[in-house]
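Small disclaimer: the values here were computed from a predicted structure and weren't measured. Computed from heavy atoms alone, side chains included, the values below leave out hydrogens, waters and symmetry copies.
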Amino acid sequence: MARISLRGIYKIYPGEVVAVSDFNMEIADREFIVLVGPSGCGKSTTLRMIAGLEDISRGELYIGDRLVNDLPPKERDIAMVFQNYALYPHMSVFKNMAFALELRKTPRAEIETRVREAARLLEIEHLLARKPKELSGGQRQRVALGRAMVRNPAVFLLDEPLSNLDAKLRASMRTEISKLHKRLETTFVYVTHDQTEAMTMGDRIVVMKDGLVQQIDTPQHLYDRPRNTFVAGFIGSPQMNFLTGTLRRDGAGSRIEIQADALRLDPARESGALASYTDKKVLVGIRPEDIYDDESYWVNPHDADPDACEYNRFNIEAAVEVSEPMGSEIFLYLNYGGVPLTARVDPGSKSKAGDVIRVHIDTRKIHLFDPETELALMGPALHAD
């Protein structure tokens with residue numbers, strides 16, 4: 001079993017510099033966990049504590065049923081893949097992959113079997129006689145993965161393994177690593193700053209900021225129900241838009257006044273958390289794909305007639321600053337009274353730079369946040385009736 005338990009883990013450097021604070025998580029056997037966040041958030045430090053490359057300042061770390069705080073890396077039954085591959089330049093691919101097994105005095109026949117099987121799975125059998133300098137970046141990454149695989153570890157730790165590859169190769173290697181995880185049926189802990197990698201690879205994602213865990217959840221739930229503005233803005237590309245408004249109540253219900261416009265809230269959706277926010281500021285979060293620039297592209301799968309409900313959309317005027325065709329969609333960068341907005345619209349859109357257009361926002365998809373605590377107050381209606 002390769003369960004990992006992190007209980008109140010801290011990393012504190014000299015001078016009381018806290019790199020990781022009170023990290024708590026239970027990682028299941030065979031789970032693929034992704035730690036994601038901006039540079040300096042503590043994700044790589046956490047991974048290195050699991051590996052035994054960094055001492056734990058406080059807390060307990062278990063791999064399986066063993067407390068491993070004081071165990072050296074070689075006794076933790078883990079294998080680590082680094083960002084820079086860390087291959088020995090003077091050794092062949094075969095030797096690089098076999099080296100750790102040779103140090104353990106593994107029988108020669110077993111080394112041969114393990115290396116060739118790993119090479120076959122990674123499709124690098126034809127490269128075994130080459131040196132690292134003769135390989136492309138993707139090939140070097142496969143060798144680094146193979147070197148970890150031959151050890152048959154209980155846990156794979158991967159520290160930004162794709163960051164040195166070009167965009168096309170990164171996409172390909174994401175798929176390969178996901179398939180490798182399924183074939184090996186072992187636990188993966190993967191660090192990245194790229195939210196696309198996190199969303200496409202992880203069973204669960206740990207979002208970190210300033211050494212603190214912000215949210216641990218499945219990719220879809222992180223996207224649909226972020227618990228604060230940091231998670232909401234970090235997960236999703238392009239990132240969520242934020243508008244500041246004031247919550248008002250009248251005989252017709254609740255509305256959010258945003259500049260000169262009023263966004264009506266559906267009474268059936270109002271959260272009890274909003275009760276104390278009358279006449280106070282709130283942050284409105286809007287995903288770019290929930291902004292439409294043309295009536296004809298308004299899509300509402302739950303209602304035959306979207307105009308039947310006055311709460312379905314929020315209509316505003318905005319200036320188009322940039323139109324960025326992406327093939328299957330267009331990104332519109334808008335200016336709404338001095339506030340930037342990004343919209344992902346249909347590729348048939350006619351909006352162009354310099355236009356002032358009518359914009360339709362699907363209000364059933366909005367998020368509301370407290371502007372001071374940055375915590376979520378209300379999420380979208382994911383399955384409207």
Exercise for the section: Please report the shortest heavy-atom distance between Pro132 and Met91, naming the atom on each side. Expected result: CD-O, 3.1 Å

Handout entry: Audit row: Glu176, Gln141, side chain to side chain contact (heavy atoms under 4.5 Å, CB included) steps and yes/no
Key = CA-CA 11 Å; Glu176 291 304 313; Gln141 189 58 73; over 6 Å; no

Exercise for the section: Please answer whether the main-chain N or O of Leu101 pairs with a side-chain N or O of Arg114 as donor and acceptor at a distance below 3.5 Å. Expected result: no

Problem - Atom CG of Asp65: over 12 foreign heavy atoms under 6.0 Å - result: no

Practice task
Identify the heavy atoms of Ala318 and Val359 that sit nearest to each other, and give their distance.
Solution key: CB-CG2, 4.1 Å

Exercise for the section: Using only heavy-atom distances, determine whether the side chains of Tyr13 and Glu54 contain a donor-acceptor pair under 3.5 Å. Expected result: yes

Practice task
Using the side chain to side chain donor-acceptor pair (under 3.5 Å) rule, collect all pairs that involve residues 161-172, keeping only residues at least two apart or in two chains.
Solution key: Gln83-Ser163

Exercise for the section: Using distance alone, with no hydrogens and no angle criterion, decide if Asn241 and Tyr336 have a side-chain donor and acceptor under 3.5 Å apart. Expected result: no

Exercise for the section: Could you tell me whether the side chain of Glu329 and the main chain of Met326 form a donor-acceptor pair under 3.5 Å? Expected result: no

Exercise for the section: Verify side chain to side chain donor-acceptor pair (under 3.5 Å) between Ser5 and Arg7, making sure each step is shown before the conclusion. Expected result: CA-CA 6 Å; Ser5 178; Arg7 305 176 186 178; 2.7 Å; yes

Problem - Basic-acidic side-chain contact under 4.0 Å: Asp355, Lys352 - result: yes

Exercise for the section: Assess whether side chain to side chain contact (heavy atoms under 4.5 Å, CB included) is satisfied between Asp22 and Val213, documenting all intermediate values. Expected result: CA-CA 8 Å; Asp22 198 22; Val213 173; over 6 Å; no

Problem - Between Asn228 and Gln214, a side-chain donor and acceptor under 3.5 Å - result: yes

Problem - Step-by-step side chain to side chain contact (heavy atoms under 4.5 Å, CB included) determination, Phe230 to Leu212 - result: CA-CA 12 Å; Phe230 177 79; Leu212 292 167; over 6 Å; no

Handout entry: Heavy-atom side-chain contact between Asp203 and His181 under 4.5 Å
Key = yes

Practice task
Without swapping roles, check the side chain of Arg76 against the backbone of Leu71 for a donor-acceptor pair under 3.5 Å.
Solution key: yes

Fill in the blank from the handout: Residues Leu135 and Arg140: closest non-hydrogen pair is O-NE, 3.3 Å

Fill in the blank from the handout: When every non-hydrogen atom of Arg255 is compared with those of Glu257, the smallest separation belongs to NH2-OE2, 2.8 Å

Practice task
Verify whether one side chain among Thr187 and Glu31 offers a donor that lies under 3.5 Å from an acceptor in the other.
Solution key: no

Problem - Minimum-distance pair of heavy atoms, taken over all atoms of Phe156 and Leu145 - result: CE2-O, 4.4 Å

Exercise for the section: Please step through side chain to side chain contact (heavy atoms under 4.5 Å, CB included) for the pair Asp293 and Val320, ending with a clear verdict. Expected result: CA-CA 10 Å; Asp293 70 327; Val320 180; over 6 Å; no

N/O donor to acceptor pairs below 3.5 angstrom from side-chain atoms of residues 55-62, sequence neighbours left out:
unit_1, atom_1, unit_2, atom_2, d
Ser57, OG, Ile12, N, 2.7
Ser57, OG, Ile12, O, 3.4

Handout entry: Lys/Arg N to Asp/Glu carboxylate O, Asp217 vs Arg204, below 4.0 Å
Key = no

